[in-house]
Peer 1: 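Take a look at this one; I'll ask things after.
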Amino acid sequence: MTDLISLAANAPKAELHLHIEGSFEPALMFEIARRNGVKLPFASVEGIRAAYDFSNLQEFLDIYYQGMSVLLKRQDFYDLTWAYLTRAAADNVIHTEIFFDPQGHTERGVAFADAVDGITRALADARAKLGMSSKLIMCFLRHLSEEDAFATLEDAVPFLSVIDGVGLDSSEVGHPPSKFARVFAKAREMGLRVVAHAGEEGPPDYVWEALDILKVARVDHGNRALEDKKLVARLAGEGMCLTVCPLSNLKLCVVDDMKDHPIKAMLDAGLKPCINSDDPSYFGGYVNDNFAALIKALPLNRKDVEQLLRNSFEGSFLDAPDKQAVLAKLDDYLASA
Ligand code: ADE
Ligand code: ZN
């Protein structure tokens, strides 16, 4: 078991499901709040951590939006992103595709350009200093209207050279993918990649809608797809990547115990899951912690772990030559590990 944990930890890997605002560590949150003169409703780092006890997605989201509200300036977004990138590099992440929630900032009066500037400068520095490649995906908040999402897509037009795709996140139940059919069609027309959170808390029907209506290239989470055999066959047949987030699933009570996590069932059903940290500061761990938690709780074998690592690159939005190069790096590592 320890061997498999270190095999996964030391392996080059990609992370495909990471909300940059969810990587906001309490110490940095306090520092940025202080320099911006913003008051947090917590007295200490320990006080913040104690509040991270969630019984569902909404309880987490309420605290997550509160946390990101201290981000005001370009430098704040840079510092947040750089902190994640250096932490991810320590976990041997060599490629990352990060989400950000522009509406979580623009609705507080922060310019779209300021968020994008800070994030993309850090991504450029990661390329130069850490050798880490990246893609940037902006998510629409699904509890807001499609009209709002259209306005956000419009905001993105001057930045299309640095934004690779759109996603869909926030409160899932009651906000099905079909609510965003037209804005996703427009995003696809504009040449953007599209992904969506589906089947985290929402039913298998939402995964069908993400596939058939939004025409996603990846499904974020997808846990509840396992309730529908035809859906499993469809996802497996298409080789659709599922960006699975085990510690998130545990913290948000999508699973009651890591021993009940469906990752092994997904692999055995021929699905293509990869492992991600979602909101690592809130859920108790970065990507290697997620691998370790699964390996400790479940009878995963070496083939399973290798497959999960491979899926992270295969499911990425890297172009074909870059994908081949990172897969070759992984194969070299596995051959000697
Ligand atoms: N926003 C940040 N993390 C999320 C998650 N796990 N599900 C939906 N929206 C999110
Ligand atoms: Zn997520």
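For this chain, numbers begin at 1 and follow the sequence in order. One-based numbering, in listed order, for ligands and for the atoms of each. Bear in mind the structure is a predicted one, so any value in this text is a computation, not a measurement.
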Peer 1: Checking a contact table here: which protein heavy atom is nearest atom 6 (N) of ligand 1, and how many Å away?
Peer 2: Asp278 OD2, 2.7 Å
Peer 1: Looking only at N, O or S atoms in His19, which is nearest to the Zn ion (ligand 2)?
Peer 2: NE2
Peer 1: Say whether Asp279, considering both its backbone and side-chain N or O atoms, lies within less than 3.5 Å of an N or O atom on ligand 1.
Peer 2: yes
Peer 1: Look at Arg224 together with Glu172 and state whether they make a salt bridge at an N to O cut-off of under 4.0 Å.
Peer 2: no
Peer 1: Kindly give the atom name of the N, O or S atom of Asp278 closest to the Zn ion (ligand 2).
Peer 2: OD1
Peer 1: Please list, in number order, the atoms of ligand 1 under 4.0 Å from a heavy atom of His197.
Peer 2: 5 (C), 7 (N), 8 (C)
Peer 1: Which residue holds the protein heavy atom closest to atom 1 (N) of ligand 1, what is that atom called, and what is the gap in Å?
Peer 2: His19 CE1, 3.6 Å
Peer 1: Under 4.0 Å, heavy atoms only, figure out whether ligand 1 is touched by the backbone of His221, its side chain, both or neither.
Peer 2: side chain
Peer 1: Under 4.0 Å, counting heavy atoms only: does Ser170 come that close to any atom of ligand 1?
Peer 2: yes
Peer 1: Which residue and atom name correspond to the protein heavy atom nearest atom 7 (N) of ligand 1, and how close is it?
Peer 2: Glu200 OE1, 2.7 Å
Peer 1: Strictly under 4.0 Å, does any heavy atom of Asp220 approach an atom of ligand 1?
Peer 2: no
Peer 1: Using the rule given for ring pair (Phe, Tyr, Trp, His ring centres under 6.0 Å), can you reason through Phe60 versus Phe283, listing the C-alpha separation, both sets of side-chain angles and the distance that settles it, and then say yes or no?
Peer 2: CA-CA 10 Å; Phe60 154 68; Phe283 301 149; 4.8 Å; yes
Peer 1: In this structure, which one of Phe100, Tyr65, Phe77 forms a ring-ring contact (aromatic ring centres under 6.0 Å, His included) with His105?
Peer 2: Phe77
Peer 1: Considering only NZ, NE, NH1 and NH2 on the basic side and carboxylate oxygens on the acidic side, decide whether Lys264 and Asp304 come within less than 4.0 Å.
Peer 2: yes
Peer 1: Hydrophobic clusters here meaning ILVMFWY residues chained together by side-chain heavy-atom distances under 4.5 Å, can you tell me if Val110 and Met138 are in one?
Peer 2: yes
Peer 1: Could you check which of Ile20, Leu252, Leu18, Leu61 puts a non-hydrogen atom nearest to atom 10 (C) of ligand 1?
Peer 2: Leu61
Peer 1: Starting from the C-alpha separation in whole Å, work towards a yes-or-no answer on ring pair (Phe, Tyr, Trp, His ring centres under 6.0 Å) for Phe112 and Phe159.
Peer 2: CA-CA 10 Å; Phe112 187 97; Phe159 304 98; 5.6 Å; yes
Peer 1: Please work out whether any backbone atom (N, CA, C, O) or any side-chain heavy atom from C-beta onward of Phe99 is under 4.0 Å from ligand 1, and answer side chain, backbone, both or neither.
Peer 2: neither
Peer 1: Evaluate His17 for polar contact with ligand 1, using N/O atom pairs at a separation under 3.5 Å.
Peer 2: no
Peer 1: Quick one: are the ring centres of His197 and Phe99 less than 6.0 Å apart?
Peer 2: yes
Peer 1: Charged N to carboxylate O below 4.0 Å: is that the case for Arg35 and Asp76?
Peer 2: yes
Peer 1: To make sure I understand the geometry: which N, O or S atom in His197 is closest to the Zn ion (ligand 2)?
Peer 2: NE2
Peer 1: Are Asp117 and Arg121 ion-paired here, with the side-chain N under 4.0 Å from a carboxylate O?
Peer 2: yes
Peer 1: Side chains of Ser171 and Gln58: is there a donor and an acceptor less than 3.5 Å apart?
Peer 2: yes
Peer 1: Any N/O/S atom from His221 (main chain or side chain) under 2.8 Å of the Zn ion (ligand 2)?
Peer 2: no
